[in-house]
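Proteins come first, then strands; the chains are lettered A, B, ... in the order of their sequence lines, and each starts at number 1.
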Amino acid sequence: MPVNLDRLAAKASETTEVTLNQRTLQLAARFMNDEDDLEARELVKKLKGIYVRSFEFDKPGEYSQADVEEVRAQLKSPIWEKIVRVHSKRDGENAEVYFKADSTKQIGGLVVIAADPRELTIVHIDGPLDPSDIDKLGGDFGVPRIEVPPQPKPAKEGAR
Amino acid sequence: MKDFEQELKRALRRWDPPDSFRERVLARVAAEQQQPWRRAVSLRQRPMLRWVAVAAIVVFGAGKLSYRAHEHRLEEASGRAAKQQVMLALRITGNKLRVAQKRVKSVEGEDRKVGKTL
């Protein structure tokens, strides 16, 4: 996780923290042998890390926009590209999805920031993600289909 | 009886070792100090020690097997725990992506409604 969120954990009434580095992911992949796990296993084997921090608060306003901004500050272009940002004034729900630009056609990583008045969740998936992988996992993990904008083709050398 | 006494005396009489005896003993002690495995080789010929060595090998082998089994169990437990963590992380990711998608869809729906009214 790019930023230290321990401060928020101290304020939160419930904290979910998942930290999986490449070694742990490889170990987990060896035990994902059920039929339902096979597609997830192929994804997990490619990844470098999965980091989740989720904080639930008793009252609204126990975390500030500055806390979220600290995370956003790490997700700057050209490395990170904001794909989705939705904000609801009605219920104060925010969701942002960032993809890490990769030299290949693949996505190099994914960050999701989901915030509502009493909950803040940050997910960082580090490693190559094929849009079709996310698509396949939709059934098993409830991961929805995300429309990935087509990557511009790199200009051929010498072509004008 | 006297013959026997004479014979015993003759057998137990003091006699000096050959001149080279001292040198040979000292040379052997020095050689053993330089090559302690030689002593081990000679100990191997003692049957009691042979059994002790066999027992040690058996105990060591059993210990190694037991340690491996323990390591395997530990690795399996860690692997299963890691799998649970992966599933939890993917589920949370899925849920949060779904929130984003739902919002995007509702905005699209509102846009369409506005478009129709216009």
Of the backbone (N, CA, C, O) and the side chain (C-beta and beyond), which part of [X] lies under 4.5 Å from a heavy atom of chain B, both, or neither?
X         : result
Ile113(A) : neither
Asp34(A)  : side chain
Glu17(A)  : backbone
Val112(A) : side chain
Thr24(A)  : both

Interface residue of largest heavy-atom contact number with chain B, from Leu47(A), Val44(A), Thr19(A), Val86(A), under 4.5 Å:
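Most heavy-atom pairs under 4.5 Å with chain B: Val86(A).
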
Give the member of Ile50(A), Leu20(A), Thr16(A) that has the highest number of heavy-atom pairs under 4.5 Å with chain B.
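The option with the most such pairs is Leu20(A).
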
Go through the atoms of Glu75(B) and report whether side chain, backbone, both or neither lie under 4.5 Å from a heavy atom of chain A.
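Both the backbone and the side chain of Glu75(B) come within 4.5 Å of chain A.
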
Val52(A)-Leu27(A) co-clustered via ILVMFWY side chain contacts under 4.5 Å
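Unlinked, Val52(A) and Leu27(A) end up in two clusters.
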
Out of curiosity, does Leu25(A) fall in the hydrophobic cluster containing Phe31(A) (side-chain heavy atoms, cut-off under 4.5 Å, transitive links)?
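Hydrophobic grouping puts Phe31(A) apart from Leu25(A).
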
Would you name the heavy atoms of Ala114(A) and Lys96(B) that are closest together and state the gap between them?
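Scanning both residues completely, I find the closest heavy atoms to be CB-CD, 3.4 Å.
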
Can a salt bridge be assigned to the pair Asp58(A) and Arg118(A) using a cut-off of 4.0 Å between side-chain N and carboxylate O?
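So Asp58(A) does not pair with Arg118(A) through a salt bridge.
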
Residues Glu96(A) and Arg85(A) bridged, charged N to O under 4.0 Å:
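Between Arg85(A) and Glu96(A) there is a salt bridge, with a charged N closer than 4.0 Å to a carboxylate O.
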
Just checking Tyr63(A) against Phe57(A), ring centres under 6.0 Å apart?
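Ring centres of Phe57(A) and Tyr63(A) closer than 6.0 Å.
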
